[in-house]
Protein chains: 2
Amino acid sequence: MSKIPSSTKIPAKPTGSRRVAGGAAATPKTVAATTPANRAERAAERRAAIVEAALDEFIARGFTATRLDDVAKRAGVAKGTIYLHFKDKESMFEELIRTALVPMINRLHAPPPSGGSVRDMVEGFAENFIREVASTRRGDIVRLIVAEGPRFPAIADFYYREVVSRGLAGMRALIELGIARGEIRHKSLARFPQIMVAPALIAVIWQSLFARHAPLDATEMFRVHLDLIFGERRTT
Amino acid sequence: MSKIPSSTKIPAKPTGSRRVAGGAAATPKTVAATTPANRAERAAERRAAIVEAALDEFIARGFTATRLDDVAKRAGVAKGTIYLHFKDKESMFEELIRTALVPMINRLHAPPPSGGSVRDMVEGFAENFIREVASTRRGDIVRLIVAEGPRFPAIADFYYREVVSRGLAGMRALIELGIARGEIRHKSLARFPQIMVAPALIAVIWQSLFARHAPLDATEMFRVHLDLIFGERRTT
DNA sequence: AAACTATGACTGACCAGTCAGTCATTGTCA
DNA sequence: TGACAATGACTGACTGGTCAGTCATAGTTT
């Protein structure tokens, strides 16, 4: 258990540098000279610290089991401060998830590297996904959505609209391109783009639950999967 | 927050009603002859009612947010009765999940209908799975494991040992049979049996989260997936 | 009557959210 | 520039409510 020493700021240094606040854990700061920054800036910093801490806690414990006292402690702020930035626990959670999804959404908007073959594009996309989602905290966010989605319809809706439907639409377009170019022979794949990404999602879940028991080489698995779709790759 | 009614569900036992329940319901007479059943039997009935109710609540709310008062109400017993059957909330949850998994485990043990082709076997298995898991409460249990697994390592372990590793081993055997028979051309598929079942898991998750937005024909999706693996099916 | 089972009021811990007070910072004036 | 005032970000003790788990009492069976 990461017990942050209560370090109640009573540093007996009435004059000393402005309170560094117990945040020691993740931020060696040293404030003072470097950048006291103006108020607005510091407020933004604090908000960021809260967001960071809250995500960690929500991922580790789920929505209900997360205590805002712990979030505050981890962020190095008082509990009351949280309420200067968020209305309540629930809207905080929703806002957090939304914010965390933005990078994924942006990635979907970015034009794919339309260079080589369709297979290369999909493979590049998958490698990206596995590197930046499956093996990072973003993967846990996906798991968090699966876990809490049914109790937060607003989040499930948002996720469907902004990530799932767009992602699948893009994938469908790619599949159709592959069919048109003759790279993909199974025309009906375009009806279920989910199949294309299924192993990626499996990898995310596997990492969270079973990585300890049996590591999974997600990249290699995806490659085999693509072999099924595009045919064995020539290894000239 | 949507409150699940939770009360309802006390529709008089199929057998004679005993239930003295609080205050009013003063009708402690009768019952006897018809179907009181002996003690052990009634205890088992009550236990079953508790298990049933608890599963519904856990699925709907997750572990932490589930209140044992609600479980008791839904099961038609007093809260104290729960503690006659289970040590505490946590071990109750673990036991519940374990119990709920038994049918799935048995299915994995059952010899597959080794009749026709490997494809037929896999397809039969998948149809079974989609009918009996993806579209029922069992699917929610899988989701529950994904959701709570990280906080209940014992459950994740159990699930891995009893379901995942066995299921994958069986699937791998089937794949190897398919390769030996020449039905499957991609030899490396045997290294990642996860690929074979990936769409089934996707279907489970989709049902819980997105069915409202866009229904998914899981059976048809799986068929397309099998086409990728076994080649287009002849529809002569 | 003795043994067993069920009940639900009760207890104590826990936690989301509040708010009166503190104090570093910023603004104003001489 | 230095002294003083105003601001509002921040704090954390506190409140009100919730809920897991207990146990004295009541009911049932043998």
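Predicted model, so just to flag it, every value in this text is computed and none were measured.
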(request) Return the 5'-most residue of the pair B:Lys79, A:Ala65 with respect to DNA chain C, ranking by each residue's nearest nucleotide. (result)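 Looking at DNA chain C, the more 5' nearest nucleotide goes with B:Lys79.
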[X] [atom1] to [N] [atom2], straight-line distance once rounded to whole Å:
X: B:Phe86; N: D:dA20; atom1: CZ; atom2: C1'; answer: 16 Å
X: A:Glu45; N: D:dA9; atom1: CD; atom2: C1'; answer: 14 Å
X: A:Phe63; N: C:dC15; atom1: CZ; atom2: P; answer: 14 Å
X: A:Arg47; N: D:dA9; atom1: CZ; atom2: P; answer: 13 Å
X: B:Phe93; N: D:dG21; atom1: CZ; atom2: P; answer: 14 Å
X: B:Glu90; N: D:dG21; atom1: CD; atom2: P; answer: 9 Å
X: A:Ile50; N: D:dC10; atom1: CD1; atom2: C1'; answer: 10 Å
X: B:Ile82; N: D:dA20; atom1: CD1; atom2: P; answer: 9 Å

(message) Whether B:Thr81 contacts C:dA6 is assessed here as follows: a side-chain N or O lying under 4.0 Å from the phosphate OP1 or OP2. Is that the case?
(response) no
(request) Ignoring backbone atoms, test whether B:Arg42 places a side-chain nitrogen or oxygen under 4.0 Å from the OP1 or OP2 oxygen of D:dT28. (result)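 False: B:Arg42 side-chain N/O out of range (4.0 Å or more) of D:dT28 OP1/OP2.
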(request) Please check if the distance between the ring centroids of A:Phe222 and A:Phe129 is under 6.0 Å. (result)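 Ring centres of A:Phe129 and A:Phe222 not closer than 6.0 Å.
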(request) Hey, can you tell me if B:Phe152 and B:Phe63 have their rings parallel, tilted or perpendicular (30° and 60° cut-offs)? (result)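 B:Phe152 and B:Phe63: perpendicular rings.
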Taking the side chain of [X] as its heavy atoms from C-beta onward, which of [options] lies nearest to it?
X: B:Asp88; options: D:dG21, C:dA16, D:dG12; result: D:dG21
X: B:Leu68; options: C:dA16, D:dG21, C:dG8; result: D:dG21
X: A:Tyr83; options: D:dG21, C:dG17, C:dT7; result: C:dG17
X: A:Arg46; options: D:dT22, C:dT7, D:dT11; result: D:dT11
X: A:Val77; options: C:dG17, D:dT11, C:dA6; result: D:dT11
X: A:Asp69; options: D:dC19, C:dA16, D:dC10; result: C:dA16
X: B:Leu84; options: C:dT7, D:dT11, D:dG21; result: C:dT7

Donor-acceptor pairs are to be reported for all side-chain atoms of residues 212-219 of chain A against protein atoms at under 3.5 Å, with residues two or more places apart or in another chain.
residue  : atom : partner  : partner atom : Å
A:His213 : NE2  : B:Asp157 : OD1          : 2.8
A:Asp217 : OD1  : A:Thr219 : N            : 3.3
A:Asp217 : OD1  : A:Glu220 : N            : 3.0

(request) To the nearest 0.5 angstrom, please state how far the CD atom of A:Glu123 sits from the NE2 atom of A:His225. (result)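 Between A:Glu123 CD and A:His225 NE2, I get 12.5 Å after rounding to 0.5 Å.
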(request) Pick base, sugar-phosphate or nothing for A:Thr66, based on heavy-atom distances below 4.0 Å to the nucleic acid. (result)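 If one applies the 4.0 Å heavy-atom cut-off, A:Thr66 turns out to touch the sugar-phosphate alone, with no base involved.
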(message) Any carboxylate oxygen within less than 4.0 angstrom of a Lys/Arg side-chain nitrogen, looking at A:Arg151 and A:Glu148?
(response)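 So A:Arg151 pairs with A:Glu148 through a salt bridge.
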